[in-house]
Amino acid sequence: MTAAPLFIGSEIYRGSSYGTWHPLAIPRVPTVMDLARALGWLPRDRYVASPRAKPAALAAFHTPGYLAALQDAERTQSVSDQVRARHHLGTHSNPVYPEVFRRPATAAGGSILAAELLRDGGVVYNPGGGTHHGLPDRANGFCYLNDPVLALKAFRAQGIRRLAYVDVDAHHCDGVEMAFDGDPEIRMISVHEERRWPFTGALQDRAGGAARNMPVPAGLNDSEMDAILDGAILPLVADFRPEAVVLQCGADALAEDPLSRLTLSNGALWRVVAALRPLAPRFLVLGGGGYNPWSVGRAWTGVWATLAGHEIPDRLPGSAQAVLRALNWSRARSRPPAPSLMETLADAPRPGPIRPEIRTRIAAVTA
């Protein structure tokens, strides 16, 4: 991995949202881009503008009928009852909005391009990616397309066969697991909150030998995540000897996130990123969930710092603080964010006891 890490981004995420009432009303990728630039961490030669994937490329996983329905939904800004029932478009979770095709197609285009850029090795970061719930014929869980699947298939198209996919989002990667069920040349590892939507990914679920699932209880702390990393994730990936590692680094397992009951600091995620990087010649890191604008923006900026070798400052400079202070969030009106969410990048560590069920599940998932 001698080439400098690359950051894939796009301006389509700026001003684009699922609607003011939706959890994804918040800015995420633009916050990461703005913070990284304010800190001097994103020079032009490290930034790659994401292309928009064409339907022919998306058809590597998604059905032509679904892709046509998604494009029609963007063009008309409406769906029929039949399309809503079949493709789950125009629902509360998956609303129709002005960029409903272009935005996910841009995220998917970034992940496909990342796999192509990694043909000869290296590190690529696409924080707009990570939409791991998308299914071939329908939208699912805020995800209209499944860019992790498309990236993995793009690796395969180049002859890169042995792939490890690690997912630390608070929600199980049901779409990715479905896509590669029974595939002997992939190892999928998911750490996700138990009894949390989509209610898949049970400990005993191995997807025909292709997956190792580790549901975790509410209150997961940094010490427990470190134990999972050292006792399960790293041994399982290293033993598989992958040619490429794809990490879905959702930020919804952080303590401030409203859609989980986990209590990690962003440092726990950064340690996962750093530890996985040496395990394959190709490393692709994606975004994912994350529904608190301050915590997700800070976490994903720190992911880029980890990949690009930048030192995390104890206190952010004024220009970076200004990016965070400019954020708005309807959920914060009754409870303003803590000053640390606007003045620092790194959370205070959140250690704790390692509960017996965590140790038991590490042993089970590695058996």
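For the atom pair Leu345 CG and Trp270 CH2, the distance stands at 4.5 Å (nearest 0.5 Å).
Donor-acceptor pairing under 3.5 Å is lacking for the side chains of Asn140 and His88. For the residue pair Gln248 / Asp169, a side-chain donor-acceptor distance below 3.5 Å is found, with atom types taken as modelled. For the residue pair Thr76/Ser78, the side-chain donor-acceptor check at 3.5 Å is satisfied. Side-chain N/O atoms of Asp167 and Ser190 include no donor and acceptor closer than 3.5 Å. Under 3.5 Å, the side chains of His172 and Thr200 contain a donor-acceptor pair of N or O atoms. For the 3.5 Å distance criterion, the side chains of Asn221 and Thr263 fail to qualify, holding no donor opposite an acceptor. Of the N and O atoms on the side chains of Thr31 and Arg298, not one donor lies less than 3.5 Å from an acceptor on the other residue. With 3.5 Å as the limit, one finds no donor-acceptor pair spanning the side chains of Asn213 and Gln204.
The closest donor-acceptor contact from the side chain of His62 to the backbone of Asn146 lies under 3.5 Å. Formation of a donor-acceptor pair under 3.5 Å by the Asp137 side chain with backbone atoms of Thr63 is not found in this model. Judged by distance alone, with hydrogens and angles left aside, the side-chain atoms of Arg282 form a donor-acceptor pair with the main-chain N or O of Glu243 at under 3.5 Å.
No side-chain heavy atom of Glu74 sits less than 4.5 Å from a side-chain heavy atom of Leu70. Side-chain contact between Arg161 and Pro242 is absent, with no heavy-atom pair separated by less than 4.5 Å. Looking only at side-chain heavy atoms (C-beta outward), Arg52 and Pro104 stay at 4.5 Å or farther from each other. By the 4.5 Å heavy-atom criterion applied to side chains, Leu35 and Leu324 are counted as neighbours. The shortest side-chain heavy-atom distance between Arg14 and Asp34 falls under the 4.5 Å cut-off.
Under the side-chain contact (heavy atoms from CB on, under 4.5 Å) rule, Ile8 has a single partner from Leu286, Leu284, Val29, Asn126, which is Asn126.
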Item to check | His22/Tyr97 under ring pair (Phe, Tyr, Trp, His ring centres under 6.0 Å): CA gap, chis, key distance, verdict | outcome: CA-CA 11 Å; His22 197 280; Tyr97 64 96; 8.5 Å; no

Checklist entry - For Tyr165 and Phe155, what are the C-alpha separation, side-chain angles and deciding distance, and is it a ring pair (Phe, Tyr, Trp, His ring centres under 6.0 Å)? => result CA-CA 12 Å; Tyr165 174 79; Phe155 277 122; over 10 Å; no

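In Arg325, the CZ atom is crowded: over 12 heavy atoms of neighbouring residues, nucleotides or ligands sit closer than 6.0 Å.
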